[in-house]
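First comes the structure, then the notes that go with it.
Below, read A as the first sequence line, B as the second, and so on, with proteins coming before strands; counting in each chain starts at 1.
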There are 2 protein chains.
Amino acid sequence: MLTTEQIIDAMSEHGLRITDQRKTLAKLFGEHPGYLTAKDVYEYMGRKYSGLSFDTVYRNLRVLYELGVLEQVVFEEGVKFRGRCSEEHHHHHMICLQCQKTYPITFCPMQLTDAPDDFQVVQHKFEVFGYCRDCGKDNNDQETSQAGGGHRDSRA
Amino acid sequence: MLTTEQIIDAMSEHGLRITDQRKTLAKLFGEHPGYLTAKDVYEYMGRKYSGLSFDTVYRNLRVLYELGVLEQVVFEEGVKFRGRCSEEHHHHHMICLQCQKTYPITFCPMQLTDAPDDFQVVQHKFEVFGYCRDCGKDNNDQETSQAGGGHRDSRA
DNA sequence: ATAGGTGCAAATTCTTTGCACTGTC
DNA sequence: GACAGTGCAAAGAATTTGCACCTAT
């Protein structure tokens, strides 16, 4: 994952100004390995900037996304962001339903999926959801998790 | 895919009343093989019921989803619905970015993904996006498609 | 100094909810 | 006839936009 400094450098290089808010944002994504919603970000940053407004958060998230610094993923519960993986090679993710941390899967199913000749593949999505070691169901069976709760199994 | 009648029967069996709107909804999903947004549904049904309100559409979509009659998929552009596949066995989909039709992929990458022992897999998602034969990019390069347009490649 | 960034307020879009009326069973 | 389903209006969430002020470069 990109470090706080790499994120700031990326902004600098693209002519963006390094404001306090952006430093904090860089720090957040540089240090937090999981996915965050705009709200999460707002709440985190709001602790430091009392007058913070939501639109600033949204604007900066979008800017960082367009810079390629952040990944944006649409979950059932909504859009979330995380720092881009620094690994260069193509990979997928296992995503913990509890803590939202992600773990890389190097295996890519596309190699093995023989798309019929008449289907032009543009993009693919392969995501595995579950509970990581730290969050293993055994530890906490309660339906407390805000994220893992209402999931429907999307298998066909 | 489920037929119009199967959808209606499913509603009946669950004690739901078969109103005109629901008949039309069943017909729509029984005959339309692709994904539809709530708005698509509203517009389709609105042609028949002038006084139709959005909340009725939402309510019925949710009811049908909870019945397991509809599948709900979150796209970059938002939530979409389609009739559930009648094929019993587990499979995945190739989804045409132009016409939104889906084609089954019998291959499931989970068999080959060795999740580390400490990750408890709950669910997975494998979706391939592209252009089907009928919509092959060659035929129409224009950026007209309302759905396929602004896609960003979500590969990591 | 000046262009880009921020906060504020308001607009948009998508979705849900409360309530009285209507139609299905 | 009862009660689920509908339309309407309004409330909420999530996100975007216009504008005047502020601040990094």
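Separation of the His92(A) and His124(A) ring centroids falls under the 6.0 Å cut-off. Less than 6.0 angstrom separates the ring centroid of Phe75(A) from the ring centroid of Tyr35(A).
Contact check, Arg62(B) against dT17(C): a side-chain N or O comes under 4.0 Å of OP1 or OP2.
Side chains of Thr37(A) and Asp40(A): a donor on one and an acceptor on the other come within 3.5 Å.
To the nearest angstrom, P of dA4(D) lies 17 Å from NE2 of His14(B). When rounded to the nearest whole Å, the span between NZ of Lys39(A) and C1' of dA14(D) equals 10 Å. Rounded to a whole Å, the CG atom of Asp40(B) is 11 Å from the P atom of dC14(C). Distance CG (Leu61(B)) to P (dT6(D)): 11 Å, rounded to an integer number of Å. Between Tyr58(A) atom OH and dG18(D) atom P there is a gap of 18 Å when expressed in whole angstrom units. One atom, CZ of Phe54(A), and another, C1' of dA14(D), lie 8 Å apart when rounded to the nearest Å. The distance from atom CD of Glu77(A) to atom P of dA13(D) is 17 Å, rounded to the nearest whole Å. For Lys80(A) and dT15(D), the NZ to C1' distance is 17 Å, given to the nearest whole Å.
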message = For a quick check, with a 4.0 angstrom heavy-atom cut-off, what is the B/S/- contact string for nucleotides 2-8 of chain C, read 5' to 3'?
response = -BBSBBB
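Residues passing the salt bridge (Lys or Arg N to Asp or Glu O under 4.0 Å) test with Glu43(B): none are found, sequence neighbours excluded.
Between Tyr42(B) and Phe54(B), the ring-plane angle classifies as parallel under the 30° and 60° cut-offs.
Put simply, the residue from Thr24(A), Ile18(A), Thr19(A) that forms a side chain to side chain contact (heavy atoms under 4.5 Å, CB included) with Gln21(A) is Thr19(A).
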